Amino acid sequence: MKPYIDTEKKNFRAGYVSIFGKPNVGKSTLLNQLLGIKLSIVSPKPQTTRHRIIGIHSSAEAQIIFIDTPGMLTPRYYLQKAMMKAVHAAIADADILLFMVEAGESLQVRDAGYLQQIMETQKPVLVVVNKIDRVKKQNILPLIGEIGKNFAPEAIIPISALQADGLDLLITWIIRKLPLSPPYYPPEMLTEHPERFFVAEIIREQIFYQFSEEIPYSTTVVIDEYHEQKGRKDVIRATIIAERESQKGILIGKKGAALKKIGAAARKAIEVFLNRPVYLELWVKVREKWRKSDSAVREYGYGAQNPGN
Ligand SMILES: Nc1nc2c(ncn2[C@@H]2O[C@H](COP(=O)(O)OP(=O)(O)OP(=O)(O)O)[C@@H](O)[C@H]2O)c(=O)[nH]1
Ligand SMILES: [Mg+2]
């Protein structure tokens, strides 16, 4: 992408920083904290993020374009393949690769395998050790030592994304490493994806929170209708796609109670995100085995370079 030129400022730095790591390590939490806005959905369950999500951090001296990605895994069905395609696109785009692990006693085998893959790209790698709020201070050093000795990344920075601890240091380090370049985006821009993309994601987030087992993984959300009306609430009609009739039954619940609960919580979160009132109507449909179908997965917007556009 060509830089967006609005400044002749010398010494301005700009570039892409992609965030990688196993599912659930806290990548999306970090993106949101860095931007100071909840852009990427977060849940206690792994595999919450399915797209590459762009978040733009602008300051007087630099513009960092962060890319949040789905957690790295070995794909078992087409949806996961599309998710890993998003990971690989984010590797290709990045000036700096940020690899995140969770604080713990030692590096787990899966982390080590993915970090190895990231190191092989030959791009600058920054390892972030997240969730340090959960461990004792003296227990962070052995892991840092192990990563340094076995992988020798350019830096290892311990943080707590949740408590916004260590983030200033992280930003300072990244800015120093970015190439000299004019900004790519106007400074007030926070993301590239349209509002309706985030609306679908917020509904999906509620499904991750309110349901267990297969349901969060077997569903996706499609926005059927979205229109703003002058002086009146925006109207949003969305469909939750499930894989089986039994899942549809659970999503709707007794007398529609479960669907109502998803709708009420999602509407509140959408209103916070958009900063205006909305009318939200939800439907549920079944499309059998959609996750295993190449064409269905693509139709629902997965694997696209810029999801939602
Ligand atoms: N204690 C603690 N929890 C955290 C921290 N960062 C994230 N979490 C929690 O970890 C869980 C997963 O966070 P996400 O940000 O969704 O993780 P992710 O890496 O984006 O996960 P995927 O999208 O599934 O790959 C959530 O419950 C977060 O609240 C942290 O610094 N400390
Ligand atoms: Mg995520």
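Whatever order the structure lists them in is the order used to number ligands and atoms, beginning at 1. Remember, it's a predicted structure, so these values are computed and weren't measured experimentally.
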**Request:** Count the heavy atoms of every other residue, nucleotide or ligand shown that sit under 6.0 Å from CD of Glu288, and state whether that count exceeds 12.
**Result:** no
**Message:** Suppose we measure from atom 17 (O) of ligand 1 to each protein heavy atom; which comes out shortest, and what is that distance?
**Reply:** Gly26 N, 3.1 Å
**Request:** Among all protein heavy atoms, pick the one closest to atom 27 (O) of ligand 1 and tell me residue, atom and distance.
**Result:** Pro44 CA, 3.5 Å
**Message:** Centroid separation under 6.0 Å, is that true for the rings of Tyr184 and Tyr16?
**Reply:** yes
**Message:** Tell me whether Ser43 reaches ligand 1 (any heavy atom closer than 4.0 angstrom to a ligand atom).
**Reply:** yes
**Request:** Carefully, step by step, assess Arg291 and Tyr77 under the rule side chain to side chain donor-acceptor pair (under 3.5 Å).
**Result:** CA-CA 6 Å; Arg291 282 184 296 173; Tyr77 42 85; 3.1 Å; yes
**Asked** Is there any N or O on Val42 that sits under 3.5 Å from an N or O of ligand 1?
**Response** no
**Best match, Asn24, Ile19, Asp165, Leu31: closest heavy atom to atom 22 (P) of ligand 1** = Asn24
**Message:** Taking distance alone, with N or O pairs closer than 3.5 Å, would you say Ile41 contacts ligand 1?
**Reply:** no
**Heteroatom N/O/S of Thr69 within less than 2.8 Å of the Mg ion (ligand 2)** = no
**Prompt:** Identify the closest protein heavy atom to atom 25 (O) of ligand 1: which residue and atom is it, and at what distance?
**Reply:** Lys27 NZ, 2.8 Å
**Message:** Looking at every heavy atom in both Arg287 and Ala296, which two are closest together, and how far apart are they?
**Reply:** NH2-CB, 3.5 Å
**Asked** Is there at least one pair of N or O atoms, one from Thr49 and one from ligand 1, spaced under 3.5 Å apart?
**Response** yes
**Item:** Sidechain-backbone polar pair: Glu205 side chain, Val42 backbone, donor-acceptor under 3.5 Å
**Value:** yes
**Item:** Side chain, backbone, both or neither: the part of Asn130 lying under 4.0 Å from ligand 1 by heavy atom
**Value:** side chain
**Message:** Show the atoms of ligand 1 that are less than 4.0 angstrom away from any heavy atom in Thr48.
**Reply:** 22 (P), 23 (O), 24 (O)
**Prompt:** Of all the non-hydrogen atoms in the protein, which one sits nearest to atom 15 (O) of ligand 1, and at what distance?
**Reply:** Thr29 OG1, 2.6 Å
**Prompt:** Does any N or O in the side chain of Asp234 come within less than 3.5 Å of the main-chain N or O of Val278, such that one atom is a donor and the other an acceptor?
**Reply:** no
**Prompt:** Any sub-3.5 Å donor-acceptor pair from Glu243's side-chain atoms to Trp290's backbone N or O?
**Reply:** yes
**Item:** Whether Ser28 has an N, O or S atom under 2.8 Å from the Mg ion (ligand 2)
**Value:** yes
**Message:** Using a 3.5 Å distance criterion without hydrogens, assess whether the side chain of Asn130 forms a donor-acceptor pair with backbone atoms of Val25.
**Reply:** yes
**atom 29 (O) of ligand 1: nearest protein contact (heavy atom, Å)** = Leu162 CD1, 3.9 Å
**Item:** Donor-acceptor contact below 3.5 Å, side chain Lys123 vs main chain Ala92
**Value:** yes
**Request:** Can you sort out which atoms of ligand 1 are near Arg134, meaning under 4.0 Å from one of its heavy atoms?
**Result:** 1 (N)
**Prompt:** With backbone taken as N, CA, C and O and side chain as the heavy atoms from C-beta onward, which portion of Asp133 lies under 4.0 Å from ligand 1: side chain, backbone, both, or neither?
**Reply:** side chain
**Item:** Positive for side chain to side chain contact (heavy atoms under 4.5 Å, CB included) with Leu98, one of Val127, Ile67, Leu30
**Value:** Leu30
**Prompt:** For ligand 1, which atoms, with element, lie under 4.0 Å from some heavy atom of Gly71?
**Reply:** 25 (O)
**Message:** Looking only at protein heavy atoms, which one is nearest to atom 10 (O) of ligand 1, and what is the separation?
**Reply:** Lys131 NZ, 3.0 Å
**Asked** Considering only heavy atoms from C-beta outward, does the side chain of Met84 approach that of Leu73 to under 4.5 Å?
**Response** yes
**Region of Pro46 engaging ligand 1 - heavy atom pairs below 4.0 Å** = backbone
**Asked** Backbone N or O of Pro182 within a donor-acceptor pair of the Gln63 side chain at under 3.5 Å?
**Response** no
